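Take a look at the structure set out below.
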Amino acid sequence: MGFFDAIKRWRLTREGLSSGRKRRVHSENLVIQILEDSLWVKLALYAGFALGCALLILKSSTGTLFAEDSFKGALCGFIIGVTAVAMFQISFQSTCRRNSRVMLVLGGMICHLLLVRAVMGLTDAGGLSNSFRLFAVPFAFAPMLLGVLLGRAVAAFSAVFVMVIGCLLVPQAEIFTYTLLSLVCGITSIVLAFQVRKRIELLQAGIYVGLVTIIIGLVLGRLDIGAVFGPDSMGHLQLLGSGSAIALGTAVISALLISGLLPLFEGTFQLTTDISWLELSDLNHKLLRQMQLEAPGTFHHSLIVAALSEAAAEKIGANAPMCRVCSYFHDVGKLKKPGYFIENQHEIAENPHISLTPTMSALVIVAHVKDGVDLAVKYKLNPRIIDVIQEHHGDSLVYYFYRRAQDQKKAEMEKISRRLENPEDLPVVDEKNFRYPGPRPSSRESGIIALADTIESASRSLQKPTPAKIRAMVDDLVRTKINDGQLNDCPLTLRELSLVKDSFAATLRSMLHSRIDYPKDDGTIAGKRPSAETSHGDRVIPMPKRA
Ligand SMILES: [Fe+2]
Ligand SMILES: [Fe+2]
């Protein structure tokens, strides 16, 4: 197929009908995609996890619950592993759909349990004091890692099961302390590491987990503060200090390790944390700087779309930092032909569409989506940004040029009826030539950005805005998108859409504050201000009447 395409392109280039250049497209590696969706790979991961749990308990250290009957222990570990996998499959169906996520969750838990086993082994070998061995267990590891990467629910699941399986890896006398420490530290790390936006917050979470471990140690008498005031106070103070240092050090090292490994995990498992989104929101990115200089109108439009979508996402609990970054880049494709978009034209006379047919104009407008993907792939932008670029217009119609084409056709038909023109010259107006290629928004964030994009464009042509007019415009545009089926593939619920609309109206009210005419007490409109100019994003472009 590729070979024939190349020949076709070569022929078109030779005839002067093509530039010979090919736009970059975003596509996932076929092998990775097959592995990602394969049921057999998933079953192998599940079986590997259950067998891993069994093996860990089989090789558990002396004094554990099944130290005497290791076969029974392995069977018990296997059954708990299978239960964990079944619970995971039932409770986290969307996470389970991708095998890489399954590997991350189950692999993270196995690593956590391996660390527990390693600490116990180190104690058996005499490398660590028996009384402080539990302080050296990195209780925050799996819950914090999975919490940052996949959210609180998956992290809580991991915290519960590493606690249950871990109980079989520690000596019987320590089971109660281990259970308490594992649960409390796990939940603390999940709460503190939720939606962290700076790496320093992970370190802070680590410090707090360490302090919680110390407090539990003091409450349970593992760290004997009373003995410090008795005989041999120096010796007891030393013990207290070393116990606290082990607890704090372990938690801080876990947090630092997670912070350092995050980029690796994000790259391998195609995940983006809030920390990375915040780093990506730097307006000094080469493409954004270029947009600022060459397409200032588009840059301004993108900033407002970012503000609208971020506030709306915050309101419904969607990924707000992602909305902000994706909005910055959503129209990056306009950089290829900035002058064809009204927001970058200073005067109507500059409008290059005057010399184009409506079909050609629509072609140029629609091309900004594919050009955007091309630039995003070239600059190695995050795949989720590429998804938003592709989806932000869905497969909607470039209505303005479609109407113009229809009007022109009507005028031609009139001429034909008066025998002023040949019927063969009648232009063909095919709706599919005026539609964006799609796909439609497939995530909540993508849907919010698509709506914010339309609303920002329309708000600029709102004459004499009032709070009621803004609300009516938002309702109208969202209804139109729904009726057109543009949100059919988007998981936004009706309740969320209602909250999104409230947020859009509130943000727009504050943005258009200086232009809003608020009614006075007597019902008249106060404060006449300059009305909106006739600009309309890439949806509607005003054209001067031609002679
Ligand atoms: Fe666009
Ligand atoms: Fe846009």
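Start at 1 and go down the list; that is how both ligands and their atoms are numbered. Just so it is clear, the structure is predicted and the values come from calculations on it, not from any experiment.
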Presence of N, O or S from H392 under 2.8 Å of the Fe ion (ligand 2)
no
Are any N, O or S atoms from D453 nearer to the Fe ion (ligand 2) than 2.8 Å?
yes
Any N/O/S atom, side chain or main chain, of D331 closer to the Fe ion (ligand 1) than 2.8 Å?
yes
Indicate if the distance from the Fe ion (ligand 1) to the nearest N, O or S atom of H393 falls below 2.8 Å.
yes
I386 CD1 to D374 CG distance, which is reported to the nearest 0.5 Å
10.5 Å
Under the rule for ring-ring contact (aromatic ring centres under 6.0 Å, His included), what residues qualify as partners of F265, not counting sequence neighbours?
none
Contacts table for residues 286-293: side-chain donor-acceptor under 3.5 angstrom, sequence neighbours left out:
{"from": "R289", "atom 1": "NH1", "to": "N284", "atom 2": "O", "distance (Å)": "3.0"}
{"from": "Q290", "atom 1": "NE2", "to": "E294", "atom 2": "OE1", "distance (Å)": "3.3"}

Looking just at side-chain N and O atoms, do E456 and H301 make a donor-acceptor pair shorter than 3.5 Å?
yes
